[in-house]
Amino acid sequence: MTSLPTASPAADGHQKKLGLVIDLDTCVGCHACAVACKEWNTGGHMAPLTDLEPYGRAPDGVWFNRIHTFEAGVESGSAVAGCGASRTTHFPKSCLHCETPDCVTVCPTGASYKRAEDGIVLVDEDLCIGCKLCSWACPYGAREFDTDTGTMKKCTLCIDRIYNKNLEEVDRVPACVMVCPVSARHFGDLGDPSSNVSRLVADRGGFDLMPEIGYKPVNKYLPPRPARAVPVAISTAPAVSPPANLNLLARWADRVLSR
Amino acid sequence: MHPAFSIIFFTTAAGAGYGLLLLLALLGPAGLLPDSRAFAVVSTGLALGLVAVGLLSSVIHLGHPERAWRAVSQWKSSWLAREGVAALVTFLPAAIFAVSWALLGRTGAVAGASGIATAIGAVVTVACTAMIYASLKPIHQWHNSWVLPNYLLLSAMTGAVLLNALLHLWRAGRPEFDALVLVLIALSGLAKEGYWTFIGTIPAASTPETATGLGRWGRVRFLESPHSEPNYLLKEMGFAIGRKHSVRLRLIARTLGFTLPLLATVLALGLPAAALPASLLAALAVALGIIIERWLFFAEARHTVTLYYGATTV
């Protein structure tokens, strides 16, 4: 059913909400999460992540992770020009596994569904008729249509890793979390207030994307920490001049190279 | 939003078909339409044909048309499923109405009751089509209270213009019908102007600042795209129409969809000798004008995902 599931709390009474916490302070924009995600998922639960013309003139393909880059605080002076207080922020974006997402309820066939036990939003590829309505209903662009299979594809939160008994316990996290070189992505149960991810959100002031839409995203984003003031204005630094005690060869080289 | 021709054709053709069906089903059994088997068969056939071709076009739009039958199961939550159910259910009374009124020429209880059921089904189906769009929160130009009245009025208007052309073809035009067409064109035109004024003046709640949550640092500017080539999101949701073209196309939609048919119908009303060519001209103009109007309905709709790709407003 594409109606949202009724609450099914765990034994200790809390409703499990698996999701990600993404730290915009530490993300360096390396795209490793996107690549690792593509690599795992093209053989995973929602495989394949079709690429069309991968080496052609206009490559196109399905990805569950996209890393955008924004400049925040434009009016405080551009970071691009090398001065000013605006902030360059790398911004990884994947499915937010919302609590009340319309991408599930608009589905006419029951292909799009939200799991009662952990809140993961999935697509049943055998039921999908490829009407694309769920992708229209997602404000975040988390769903991408596979024109080759004629069905909709989306992030599975690596459902085939996080419950996979064939993997070491330390590896039972989404591929994007495992690969991140700066630990900017954290995986856990956001329905449990004592979990690592819930504490991170509480400590760092984690926030929702587009709360005005009202889908109540489970994934949270951690804001960049305040910038440190730059002490020296680069343009007023003295020009570099060679020290006086250079030997003959070095003085000759300096003279030749200075012409 | 990408204006897919299959969907534009579906909403306009099925809209006109249901509008015509609504009028035939109410007016026919009441004895207000010409007592002619040929007229009844042609008009009912045109209405059901437009509906069937439109629905077929919407099925072809799917990635898996062979699975279309699954699309009626989730009527509890999905407006698309409700539309499918309403469309299929409406065929039942419509078939009874077509046989009893159009084929057998009856105007009794069976034709009357099935006609009323058909009329209700037609209105409900068009309302479901409108709600598919009006329920989508990420698209400000669709998620508003102007969309439903626009779809209902434009469906009734296009159906009425078609009916009027058929009536004049059978030399059975009546000033009451010309007047009904005038009223529907005027109301639809006002609803469309209201819609255009709304999307032109009321801004969407979502901005690059809310989309990224980075508004606390000030204004947010898109710096670098995640990918060098357009992906599905940009092809489907990132369709952009230049403001200049938008203004010109609105002018064409206004002229062909509303002004010209309005003037033609006034002419038909005032000068019965010119009624036939005038009503045919009105039907032709409306057909073209409403297709452009529907193309604009998609092309002018801006999805919040574009905020992640450099759009400053949606």
Side-chain angles (χ1 to χ4, degrees), chain A residues 1-3 24 29 34 58-63 66-76 80 86-89 91 93 102 105-111 127-133 135-141 144-145 147 149-151 207-215 221 223-224, chain B residues 1 58 61-68 70-84 132-133 135-139 205-206 208-233 235-237 303-309:
Chain A
M1 285 297 282
T2 54
S3 295
L24 297 180
D60 191 358
V62 180
W63 294 67
R66 303 278 189 183
I67 294 78
H68 305 240
T69 304
F70 294 95
E71 182 186 0
V74 178
E75 55 275 74
S76 58
V80 182
S86 78
R87 314 175 58 84
T88 301
T89 306
F91 190 88
K93 188 168 64 59
D102 284 2
T105 54
V106 299
C107 177
T109 69
L127 295 181
C128 178
I129 60 172
C131 71
K132 304 177 183 170
L133 192 57
S135 68
W136 294 5
C138 174
Y140 309 104
E144 299 198 7
F145 186 68
T147 48
T149 63
T151 54
F207 58 83
D208 288 348
L209 305 185
M210 281 192 268
E212 68 276 9
I213 301 280
Y215 288 3
Y221 282 76
Chain B
M1 300 297 291
S58 77
H61 175 74
L62 300 175
H64 278 280
E66 80 283 2
R67 296 180 185 167
R70 293 186 182 278
V72 293
S73 69
Q74 303 303 309
W75 53 271
K76 279 187 188 166
S77 72
S78 166
W79 282 106
L80 180 51
R82 285 171 198 162
E83 183 201 42
I132 293 173
Y133 303 104
S135 67
L136 293 172
K137 297 180 186 115
I139 304 160
S206 297
E209 287 75 32
T210 69
T212 59
L214 296 171
R216 71 190 67 193
W217 305 104
R219 202 157 58 73
V220 172
R221 182 168 77 99
F222 182 56
L223 206 58
E224 199 175 355
S225 176
H227 37 88
S228 58
E229 304 298 321
N231 63 346
Y232 165 73
L233 298 172
K235 289 172 186 168
E236 181 79 1
M237 263 81 88
H303 195 282
T304 50
V305 76
T306 57
L307 295 171
Y308 294 109
Y309 285 95

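Chain identifiers are assigned alphabetically (A, B, ...) following the order of the sequence lines, protein sequences preceding nucleic acid strands; residue numbering begins at 1 within each chain. Basis for what follows: all heavy atoms, side chains included, without hydrogens, waters or symmetry-related copies.
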Under a 4.5 Å heavy-atom cut-off, does chain B meet the side chain of T105(A), its backbone, both or neither?
both
Distance (rounded to the nearest 0.5 Å) between I139(B) CD1 and W136(A) CH2:
7.0 Å
Hey, what do you get for SG (C107(A)) to CZ (R70(B)), rounding to the nearest 0.5 Å?
10.5 Å
Using a cut-off of under 4.5 Å on heavy-atom pairs, state which of P208(B), S77(B), G218(B), G215(B) scores highest against chain A.
S77(B)
Residue I67(A) versus chain B: region with a heavy atom under 4.5 Å
backbone
Distance alone, cut at 3.5 Å: any donor-acceptor contact between the side chains of S206(B) and E212(A)?
yes
Roughly how far, to the nearest 0.5 Å, is CG of L214(B) from CG of L24(A)?
6.0 Å
Where do I129(A) and A71(B) come nearest, in terms of heavy atoms and distance?
CD1-CB, 3.8 Å
Using heavy-atom distances under 4.5 Å, tell me whether T149(A) contacts chain B through its side chain, its backbone, both, or neither.
backbone
If you measure from CD1 on I132(B) to CG on L133(A), what distance do you get to the nearest 0.5 Å?
6.5 Å
Heavy-atom closest contact (A137(A) atom, P138(B) atom, distance)
O-CG, 3.2 Å
Relative to chain B, which segment of F207(A) carries a heavy atom at a distance below 4.5 Å: side chain, backbone, both, or neither?
side chain
Taking atom CD of E209(B) and atom CZ of F70(A), what is their separation to the nearest 0.5 Å?
10.0 Å
Checking heavy atoms, do the side chain of Y221(A), its backbone, both or neither come under 4.5 Å from chain B?
neither
Between V305(B) and P139(A), is there a side-chain heavy-atom distance shorter than 4.5 Å?
no
Should D102(A) and K137(B) count as side-chain neighbours, where that means a heavy-atom distance under 4.5 Å?
yes
Non-hydrogen side-chain atoms of W217(B) and S86(A) separated by less than 4.5 Å
no
Assign the ring pair H68(A) / Y309(B) to parallel, tilted or perpendicular, where the plane angle (0 to 90°) is split at 30° and 60°.
perpendicular
Look at T212(B), V220(B), L307(B) and state which one has the largest set of heavy-atom pairs under 4.5 Å with chain A.
T212(B)
Anything under 30° is parallel, anything over 60° is perpendicular, the rest tilted; go ahead and classify Y140(A) against Y308(B).
tilted
Checking R216(B) against chain A: side chain, backbone, both or neither under 4.5 Å from a heavy atom?
side chain
Engaged part of A68(B) at the chain A interface, taking heavy atoms whose separation is under 4.5 Å:
backbone
Just verifying a value: how many Å separate T210(B) OG1 and I213(A) CD1, rounded to the nearest 0.5 Å?
7.5 Å
Strictly by modelled atom types, are E236(B) and S135(A) linked by a side-chain donor-acceptor pair under 3.5 Å?
no
Contacting moiety of K132(A), where chain B heavy atoms sit under 4.5 Å:
both
Below 4.5 Å, heavy-atom pairs only: which of T306(B), V72(B), T304(B) has the largest tally toward chain A?
T304(B)
Among residues at least two apart in sequence or on other chains, which ones pass salt bridge (charged side-chain N to carboxylate O under 4.0 Å, His left out) with E144(A)?
R66(A)
Can you tell me which portion of L62(B) sits under 4.5 Å from chain A's heavy atoms? Options are side chain, backbone, both or neither.
both
Within the distance-only criterion (no hydrogens, no angle test), does the side chain of H64(B) pair as donor or acceptor with the backbone N or O of L127(A) below 3.5 angstrom?
no
Most heavy-atom pairs under 4.5 angstrom with chain A, which of G213(B), P226(B), S228(B), G84(B)?
P226(B)
